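Residue numbers start at 1 and run along the sequence shown. We count ligands from 1, going down the list as the structure has it; atoms in each ligand are counted the same way. Predicted, not measured: the structure shown is a model, and the values here were computed from it.
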Amino acid sequence: MTVPPPIVAPSILAADFARLAEEVRAVENAADWLHVDVMDNHFVPNLTIGLPVVQSLRAATELPFDVHLMISDPRRWAPGYADAGAYNVTFHAEACDDPVALAKDLRAAGAKAGLAIDRDTPIEPYLDLLPSFDTLLVMTIKAGFGGQRFIPQLLDKVRTARRHVDAGHLELRIEVDGGIAADTIEQAAAAGADAFVAGTAVYGADDPAEAVRRLRQLAERAADGS
Ligand code: DX5
Ligand code: ZN
């Protein structure tokens, strides 16, 4: 396997929204990316933050932003996040009828492009689109809320994607999101994921930075062993 060193991306969905900048700084020296969940109370029932908060946060940290858009009509909104300086902008396959066109727009705006696949969406129809993307986000829960239980069956999609990526020599991160913690990250890494979002497991810990380091160590070890 040609898996690069793992990325750990704490999700600020589980942070204290009244102290966002402080919460981000708590993981600044440990995290690889900062995962920012944007929800619109339409594509998913939950509602979180939008562009103004991302713009303000961008000025508060050096960490690359991994923006996960759980919104309808991403063609209208996603490029604004790239313009705001997001490192990676991921939108949902279920919300977009021309994912390749939007990936091109995002790359043209200077961001990496990510495609997210929700719990009930099969991966197969999207495999041929992957050369247009930098990140594939495989949900390991149903998108919409933090703190849900990890669904191990969804790792079959990660395995399928990993085979496809390796066989095609694609440069693509395979990211998992939902229920990633010390007791689940190893199986996700062994399945071929190389980027790991963790909300509750990081911000629910007494020492968020230490939790990030521990998760990375577990992922590294599991990837070595596979
Ligand atoms: C949920 C979000 C996740 C969420 C994960 O739809 O996409 O990023 O923060 O939270 P945990 O790690 O608590 O499952
Ligand atoms: Zn997310």
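Of the candidates Leu69, Ile49, Thr48, Val36 forms a side chain to side chain contact (heavy atoms under 4.5 Å, CB included) with just one, namely Ile49. When each of Val165, Leu127, Ile123 is tested with Leu136 by the rule side chain to side chain contact (heavy atoms under 4.5 Å, CB included), just one qualifies, namely Ile123.
Looking only at protein heavy atoms, the nearest one to atom 6 (O) of ligand 1 is Gly144 N, 2.8 Å. Closest to atom 11 (P) of ligand 1 among all protein heavy atoms lies Gly147 N, 3.7 Å. Scanning the protein heavy atoms around atom 12 (O) of ligand 1, the nearest turns out to be Gly199 N, 2.8 Å. Regarding atom 14 (O) of ligand 1, its nearest protein heavy-atom neighbour is Gly179 N, 2.8 Å. The nearest heavy-atom contact from the protein to atom 13 (O) of ligand 1 is Thr200 OG1, 2.4 Å. For atom 10 (O) of ligand 1, the nearest protein heavy atom (residue, atom name, distance) is Gly146 CA, 3.5 Å. The protein heavy-atom contact nearest to atom 9 (O) of ligand 1 is Ser11 OG, 2.8 Å. If you check which protein heavy atom lies closest to atom 1 (C) of ligand 1, you get Phe145 O, 3.6 Å.
In this structure, Ala143 counts as a contact residue of ligand 1, since one of its heavy atoms falls inside 4.0 Å of the ligand. Close to ligand 1: Ala198, with a non-hydrogen atom less than 4.0 angstrom away. Using a non-hydrogen distance threshold of 4.0 Å, Lys142 does not register as a contact of ligand 1.
Atoms of ligand 1 found under 4.0 Å from any heavy atom of His35 (numbered from 1 in listed order, with element): 8 (O). Of all atoms in ligand 1, listed by their number and element, those nearer than 4.0 Å to a heavy atom of Gly178 are 14 (O). Short contacts between ligand 1 and His68, defined as distances under 4.0 Å to a heavy atom of the residue, involve ligand atoms 7 (O). Residue-ligand proximity, Met70 to ligand 1, at heavy-atom distances under 4.0 Å covers atoms 6 (O), 7 (O).
Between His92 and His68 the shortest side-chain heavy-atom distance falls below 4.5 Å. Phe145 is listed as a side-chain neighbour of Pro45, based on a closest heavy-atom distance under 4.5 Å. Between Asn46 and Asp37 there is no side-chain heavy-atom pair separated by less than 4.5 Å. Using a 4.5 Å heavy-atom threshold, the side chains of Tyr81 and Val38 count as touching. Thr160 has its side chain within reach of Glu124: a pair of non-hydrogen atoms, C-beta onward, lies under 4.5 Å apart.
Taking hydrophobic clusters as Ile, Leu, Val, Met, Phe, Trp and Tyr residues chained together by side-chain heavy-atom distances below 4.5 Å, Leu137 does not share a cluster with Leu172. Residues Leu129 and Leu170 share a single hydrophobic cluster, defined by chaining ILVMFWY side chains whose heavy atoms lie under 4.5 Å apart.
The existence of a salt bridge linking Lys112 and Asp66 is excluded, since no basic side-chain nitrogen approaches an acidic carboxylate oxygen closer than 4.0 Å. At a threshold of 4.0 Å, the pair Arg221-Asp224 does not count as salt-bridged, since none of the basic side-chain nitrogens sits closer than that to a carboxylate oxygen. Taking a cutoff of 4.0 Å between a charged side-chain nitrogen and a carboxylate oxygen, Lys142 and Asp118 qualify as a salt bridge. With respect to Asp134 and Arg107, a salt bridge is recorded, a charged nitrogen being found less than 4.0 Å from a carboxylate O.
Excluding waters, the protein N/O/S atoms found under 2.8 Å from the Zn ion (ligand 2) are His35 NE2, Asp37 OD1, His68 ND1, Asp177 OD2.
Considering backbone and side-chain N/O of Gln148, none are found under 3.5 Å from N/O of ligand 1.
Proximity of a side-chain donor or acceptor of Arg75 to a complementary backbone N or O of Asp105 within less than 3.5 Å is not detected.
The closest heavy-atom contact to atom 4 (C) of ligand 1, among the options Leu13, Ile12, Thr48, Thr140, comes from Leu13. Nearest to atom 5 (C) of ligand 1 by heavy atom, out of Asp37, Leu137, Asp177, is Asp177.
For the residue pair Thr135 and Glu175, no side-chain donor N or O sits within less than 3.5 Å of a side-chain acceptor on the partner.
Only side-chain heavy atoms of Val197 come within less than 4.0 Å of ligand 1; its backbone N, CA, C and O stay farther off.
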